[in-house]
Every structure is written in structure tokens, then in C-alpha cells.
Amino acid sequence: MTDGAFLRYVALGDSQTEGVGDGDDAGGLRGWADRLAELLARDRPGTLYANLAVRGRLAGQVRAEQLAPALALRPDLATVVAGFNDLLRPGFDADATAGHLEEMFDALTGQGARVATLTFPDVGRITPLARPLVPRVQALNARVREVSGRYGVVVVETGHHPVVTDPRLWSPDRLHAGPLGHARIAAAVAEALGLPGADDAWTRPLPPPDVPLPAGLRAELRWAGSFLGPWLGRRLRGRSSGDGRGAKRPELLPVVRS
């Protein structure tokens, strides 16, 4: 397929692709992949879409659990976004993480799918307490670009634009995009894929806030107590937010536009 004429879209990944931060489990998650599917269906009403992503998954788990089902669906477009959970772990290995991504890129492009992926933004500008992770983010991004280049994978470079770290694009946990952030990610992928009507409007800054945004040590401590502490507790207990969960949309189904 060319010129954005994709009819079978399959999304692989973790919580960002599942849509965490955009809606909730009670009312349903939307997320950037759902929003991208809606953009695809805007001009192609027959578009089918499956989302195999599950929160908490490492890149190796995405490959082991989602690649074979994705191949069985024979997509003409696939998005593969994984690795952020890996770089949060003490034993992070950028080469090993990129190796799992490369296996997925190889298999999906080898079957004829157009594949797109994302690089990750500067987490230190989103959460100052996360600054020690910046070298890991840079290392993973470099390897994502490298392996993508070998397979013609579209790399969506969201991190180059200052608006990406605007707090208003992020959910309160600062680990997941909020609704506005998910919308911008979808728009970025649409532009990179050359979808009809897509442009660079997603890169433009938001208007000044009506009230000052929370900042400073007090805001950081409140965030650490509300989100970082519980996350570390799950890691120490060997648990994941995705335990017992399956894909929210494992089959190719028609897109219902919101």
C-alpha cells in the first residue's frame, strides 16, 4: 500500500499503545493507536484495526506474545512501540532491547507490512527526578534509529519538538500521555506516514496556560508519593500493571470513529 491507503492496521506495544492515560478501564481506553486508526478510516471507511498492546510489557514480551498474532492478521500497516519499560529496569541493555525490536521489524516488513515506530522524549524535561534515565533514553533512541534504517521502518521523532514535554500533554503519572498527548502522537505518526490531510500542526506549542502549572520540589515529592512509590513497590514484588491482562482488541475489526 502507498499514499496512506492502509486497510489492515495492527498495533503492537505496551501501555502507551494500549492507550493508558486516554480514558480509563471503566469507560474504555482510546489512545494514540485508536486515534490513528480513526484517521486511517476517515478516508478509507473499510479500514480494519487490531490492537495487541498490553501495559507493562517489556520489548521481549511484546515480541514473544504479540508478533505471531500480528503476523497472522497480515497487516499492511503495523506500529511497534516498545522499550520504555525496559529502560526503567536496573539491568537495562539497549542492544538487547533493540534486538527484540529488530526481530519484529524484520518479520513484519518481510511479510510486506509498512512499519512505523517512535523514539522517546527527554524524560528529564518531563520529570526532573528522571534525569538519570536520560542517557538510557538516548542510547535506546540511537539503536531504534539504527535498526529501523535497516528495514525501511518509519521513525517518528517526537522528541525533537519542545511541545512534547509540555506537562499538559501528559497524564498525572508523567509516564503516559494524556488525551491531548495521545492525539498529538497520532497526528505525528499520520504525518510521518503521509496520510491525506496530515501536517506538522502537532509540533506547534500550546497557548500559554490560564494558571501556572505545578512545579518545584513540592510537586516532585507529591508525584513521587502518588506514582513513583507505587510503581517501585510493584517492581520489588515482581508484579506488573499488565498481570492477567490480554489485548483489548485482538482481532481486526472495523473502525468506529469517535
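All values derive from a computational prediction rather than experimental measurement.
Between Val155 and Thr119 there is a side-chain heavy-atom pair separated by less than 4.5 Å. Two residues are said to be in side-chain contact when any heavy atoms from C-beta on lie closer than 4.5 Å; Glu157 and Pro121 fail this criterion. Annotation: side chain of Met104 is not in contact with side chain of Val153 (no heavy-atom distance under 4.5 Å). Using a 4.5 Å heavy-atom threshold, the side chains of Val20 and Arg55 count as touching. Contact check for Thr79 versus Tyr9: side-chain heavy atoms found under the 4.5 Å cut-off. Between Val62 and His100 the shortest side-chain heavy-atom distance does not fall below 4.5 Å. Taking the side chain as every heavy atom from C-beta outward, Leu193 and Val154 approach each other to under 4.5 Å. In this structure, the side chains of Trp202 and Thr158 come closer than 4.5 Å at one or more pairs of heavy atoms.
A donor-acceptor pair under 3.5 Å links the side-chain atoms of Asn85 to the main chain of Arg57, judged by distance alone. At distances below 3.5 Å, at least one donor-acceptor pair connects side-chain atoms of Arg143 with backbone N or O atoms of Ala139. At least one donor-acceptor pair closer than 3.5 Å links the side chain of Asp76 to the backbone N or O of Leu7. For the pair Thr117 (side chain) and Val80 (backbone), a donor-acceptor distance under 3.5 Å is present. Checked by atom type and distance alone, the side chain of Asp22 never pairs as donor or acceptor with a backbone atom of Arg30 at under 3.5 Å. Trp170 places a side-chain N or O within 3.5 Å of a backbone atom of Val164 that can act as its donor or acceptor partner. Looking only at distances, no side-chain donor or acceptor of Lys248 sits under 3.5 Å from a matching main-chain atom of Leu52. Panel note: side chain Gln66, backbone Gly13; a donor-acceptor pair is recorded below 3.5 Å. In terms of modelled atom types and a separation under 3.5 Å, the side chain of Arg114 and the main chain of Gly152 share a donor-acceptor contact. Judged by distance alone, the side chain of Asp93 and the main-chain N or O of Ala96 form a donor-acceptor pair under 3.5 Å.
Residue Leu140 holds its CG atom at 9.5 Å from CZ of Arg145, rounded to the nearest 0.5 Å. A distance of 7.5 Å separates NE2 of His182 from OG of Ser171, quoted to the nearest 0.5 Å. Remark: Phe92 CZ to Phe84 CZ distance equals 10.5 Å, nearest 0.5 Å. If you take CG on Leu40 and CG on Leu48, they are separated by 11.0 Å, rounding to the nearest 0.5 Å. Atoms CG and CG, from Asp14 and Leu58 in turn, are 9.0 Å apart once rounded to the nearest 0.5 Å. In this structure, CH2 in Trp32 is found 13.0 Å from CD in Glu18, a value given to the nearest 0.5 Å.
A pairwise comparison of heavy atoms in Ala116 and Val189 identifies CB-CG1, 4.5 Å as the closest pair. Smallest separation of non-hydrogen atoms from Pro179 and Gly21: CD-O, 3.3 Å. When all heavy atoms of Ala186 and Leu39 are compared, the closest pair comes out as O-CD1, 4.0 Å. Ala188 approaches Val156 most closely through the heavy-atom pair CB-CG1, 3.7 Å. Among all heavy-atom pairs drawn from Ser148 and Phe105, the shortest one is OG-CE1, 3.5 Å. In terms of heavy atoms, Ala70 sits closest to Pro75 at O-CD, 3.2 Å.
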Steps toward side-chain contact (heavy atoms from CB on, under 4.5 Å) verdict (Asp86, Arg89): CA-CA 5 Å; Asp86 297 73; Arg89 304 300 173 96; 5.6 Å; no
Residue pair Leu67, Leu108: steps toward the side-chain contact (heavy atoms from CB on, under 4.5 Å) verdict: CA-CA 8 Å; Leu67 178 57; Leu108 289 161; 4.0 Å; yes
Evaluation steps, side-chain contact (heavy atoms from CB on, under 4.5 Å), between Val137 and Leu87: CA-CA 7 Å; Val137 174; Leu87 67 83; 4.0 Å; yes
Asp34/Arg249 under salt bridge (Lys or Arg N to Asp or Glu O under 4.0 Å): CA gap, chis, key distance, verdict: CA-CA 10 Å; Asp34 287 25; Arg249 192 181 173 100; over 6 Å; no
Residue pair Val10, Leu77: steps toward the side-chain contact (heavy atoms from CB on, under 4.5 Å) verdict: CA-CA 6 Å; Val10 177; Leu77 172 66; over 6 Å; no
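Crowding of Glu251 atom CD: a count of heavy atoms from other residues, nucleotides or ligands under 6.0 Å not exceeding 12.
A single hydrophobic cluster is seen to contain both Leu73 and Val81, as judged by linkage of ILVMFWY side chains at heavy-atom distances under 4.5 Å, directly or through other members. Hydrophobic clustering keeps Leu29 apart from Val255 (ILVMFWY residues linked when any side-chain heavy atoms are closer than 4.5 Å, directly or through intermediates). Cluster annotation: Leu36 is not connected to Leu253 through the hydrophobic network of ILVMFWY side chains, with a link wherever side-chain heavy atoms come within less than 4.5 Å.
Ion pair Arg42/Glu38 not flagged as a salt bridge, since none of the NZ, NE, NH1 or NH2 atoms sits closer than 4.0 Å to an Asp/Glu carboxylate oxygen. We find that Glu102 and Arg63 are not joined by a salt bridge, their nearest charged nitrogen and carboxylate oxygen being 4.0 Å or further apart. A salt bridge links Arg245 with Asp25: at least one charged nitrogen is closer than 4.0 Å to a carboxylate oxygen. A salt bridge is absent between Asp106 and Arg150; no separation between the charged side-chain nitrogens and carboxylate oxygens falls under 4.0 Å.
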